[in-house]
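Reading through the structure tokens given below for one structure.
Letters A, B, ... are given to chains in the order of the sequence lines, protein chains preceding strands, and every chain is numbered from 1.
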Protein chains: 2
Amino acid sequence: MGSEPASRTPRYAEILAILRGEVASGVFPVGATLPSEAELCQRFSVSRFTIREALRRLQSDGIVMRVQGAGSRVVRTTPASVFVQRYRSVSDLTQYAEDTHLEVQSISDVELGEGVARQIGGAAGETWCYVRALRRADVSAAEVLAVVESYVPRRFAKLAREVESISGPIYAALSSAAREPIENVEQEMQALPAPVHVAAALGLTADAPVLRIMRRYSAASGTLIASFNWHRGGDRYIHRASLSLDAG
Amino acid sequence: MGSEPASRTPRYAEILAILRGEVASGVFPVGATLPSEAELCQRFSVSRFTIREALRRLQSDGIVMRVQGAGSRVVRTTPASVFVQRYRSVSDLTQYAEDTHLEVQSISDVELGEGVARQIGGAAGETWCYVRALRRADVSAAEVLAVVESYVPRRFAKLAREVESISGPIYAALSSAAREPIENVEQEMQALPAPVHVAAALGLTADAPVLRIMRRYSAASGTLIASFNWHRGGDRYIHRASLSLDAG
DNA sequence: AGTATAGATTTAACTGGACAAATTGCGAGC
DNA sequence: GCTCGCAATTTGTCCAGTTAAATCTATACT
């Protein structure tokens, strides 16, 4: 690498591979700081630009975190992902058109049982605000697309009562109210026999197969909202996703 | 921008914002090529490094595609994603531990009906290789985790016959055989009543709710493999995903 | 012991320059 | 009209250098 660059592999890519290998083999374990850019320039006899190209890609891989004044700290030992699925809009995530209408049926305080508590990130015995609603294509549509059961922490009960009039996704309004960004969304999907109230709302026979999608939107302080969305089975509702190779 | 940089906003970020605005407002529509780096350096009176930082981020946003020798072509007018879900391994994607065992029950040539053809990216009337298999935790396990029905183009029939002995994911082996990278994965999930052969294999009553996940792995030439995975309903199989805000 | 400040260190932003590699368009030849 | 080769153009890789901004550590003061 003190000589001419190999015609095929850029120098930064060679250095990147070496650094990846050293992280993976434990030379630099999680928590360790890599040598500084200046030290790496000396070690590999290349310009700072070349080192920065390698380090930039290590950061993009999620392997290091680069901090001005501090250095490059290892945060994981393997690349962060293989496939990636990008959701470009709320309607991509929920698979409703953005102008669907949520009609609230009831709002009440409920004490969480163990099962629900575990799923929504609360604790058994806690009191949360429970909202049952029907989702339709628009205000005047007769057909129910989905039954939606949401749990919101008690401190947001007031906001939950206004859910029909909120424009944009409710999780964004809750994020604003909490003054915290949504940090992640957990999603669980399973096939279930339709409970009585779901079968009735969706016009199904009792115990017909339905797809239930639970989504939990969390900030640093915990769950802001968790919703159970009950959809018809078969071709009446197909949850689609498109993944691409991660270009990291 | 010919003067001192604003203390807060890097110059490349200002240029990025301007270029984003010009793309969004139609000055550069999808398909158009942005001015060259050299022209942008002249326009904004900055060095090529600064322009490249802006363009690099436009590419990372998914807004342009930069091609050596050709320029930066606009491929979309808005940033590509809001939420992102990363799959770090095959087991993340399929939600099987990596050492599960696939036991082939039958392999045959089938002529595609319209419905299946549409789902798997083939054409009605085409002959594909059909593989029916059972997935178990390991070779000696008695319990069937899932019923797997796969469709593979006829040209890969030989490889399909060796599916039990392939180490690593079958789609990677097919990608090698085709000498093409997997470009994307389409996934469809729906709740269905268990067909007879699925109910029998999973030990369910006829018409019990099951979750069917179809995954289609495609290269530029088309579908390399499409598999229908039939899972038990209820808490016996929960398909989980974790999404984070896209740091784009 | 706790806090503030100064200096050293490290990465971020930026300049100007060079050569290599890939693409595109044009002209010539068949 | 089609194909091939060459030149112009554009982005990729890389160098050497500078100043700015952020972090960390050590020292001094209360």
### Message
Between the side chains of A:Asp61 and A:Arg20, is the shortest nitrogen-to-carboxylate-oxygen separation below 4.0 Å, so that they form an ion pair?
### Response
yes
### Query
What residues form a salt bridge (charged side-chain N to carboxylate O under 4.0 Å, His left out) with B:Glu39, not counting sequence neighbours?
none
### Task
Using salt bridge (charged side-chain N to carboxylate O under 4.0 Å, His left out) as the criterion, list what pairs up with B:Glu126, not counting sequence neighbours.
none
### Query
Quick one: do the A:Glu14 and A:Thr9 side chains pair a donor with an acceptor below 3.5 Å?
no
### Message
Between C1' on D:dT19 and CZ on B:Arg11, what's the gap in Å once rounded to a whole number?
### Response
11 Å
### Check ion pair A:Arg57-A:Glu53 (N to O, under 4.0 angstrom)
yes
Would you mind writing out the side-chain donor-acceptor pairs for residues 66-73 of chain B within the sub-3.5 Å range, not counting sequence neighbours?
residue : atom : partner : partner atom : Å
B:Arg66 : NH1  : B:Glu37 : OE2          : 2.7

#### Entry: Contact residues, residues 65-72 of chain A to DNA chain D [heavy atom, < 4.0 Å]
A:Val67, A:Gln68, A:Gly69, A:Ala70
### Task
Let me know the distance between CD of B:Gln42 and C1' of D:dT10, rounded to the nearest Å.
15 Å
### Query
Hey, does the side chain of B:Tyr12 come within less than 4.0 Å of C:dC14's phosphate (OP1/OP2), counting only N and O?
no
### Task
Kindly write out the residues that satisfy side chain to side chain donor-acceptor pair (under 3.5 Å) with A:Tyr130, not counting sequence neighbours, or none if the list is empty.
A:Arg132, A:Glu149
### Query
Does the side chain of A:Leu224 reach to within under 4.5 Å of the side chain of A:Val152, using non-hydrogen atoms?
no
### Task
Write out all pairs satisfying ring-ring contact (aromatic ring centres under 6.0 Å, His included) with one or both partners inside residues 11-40 of chain A, taking only residues at least two apart or from two chains.
none
#### Entry: Atom-pair distance (CZ on B:Arg56; P on C:dA12), nearest Å
12 Å
### Query
Roughly, in whole Å, what's the span from CD in A:Glu53 to P in D:dC15?
11 Å
### Query
To 10°, what angle do the rotation axes through the five end pairs on each side of the helix from C:dA1-D:dT30 to C:dC30-D:dG1 form?
20°
### Message
Taking salt bridge (charged side-chain N to carboxylate O under 4.0 Å, His left out) as the definition, give me every residue that meets it alongside A:Arg161, ordered by chain and number, with sequence neighbours left out.
### Response
none
### Task
Sequence neighbours left out, what passes salt bridge (charged side-chain N to carboxylate O under 4.0 Å, His left out) with A:Glu111? Give chain and number order.
none
### Query
Is there a residue in residues 31-39 of chain B whose heavy atoms reach under 4.0 Å of DNA chain D, and which residues are they?
B:Ser36, B:Glu37
### Query
Nearest to the side chain of B:Thr50, which nucleotide is it out of D:dC24, C:dA13, C:dC14?
C:dC14
### Message
Give me each pair satisfying salt bridge (charged side-chain N to carboxylate O under 4.0 Å, His left out) with a member in residues 21-32 of chain B, each pair once, sequence neighbours excluded.
### Response
B:Glu22-B:Arg43
#### Entry: Exercise: identify the closest heavy-atom pair between A:Val74 and A:Pro29
CB-O, 3.5 Å
Between protein and nucleotides 16-18 of chain C, what N or O pairs are separated by less than 3.5 Å?
residue : atom : partner : partner atom : Å
C:dA18  : N6   : B:Arg48 : NH1          : 3.1

### Query
Roughly how many Å is it from CZ in B:Arg52 to P in C:dA12, rounded to a whole number?
17 Å
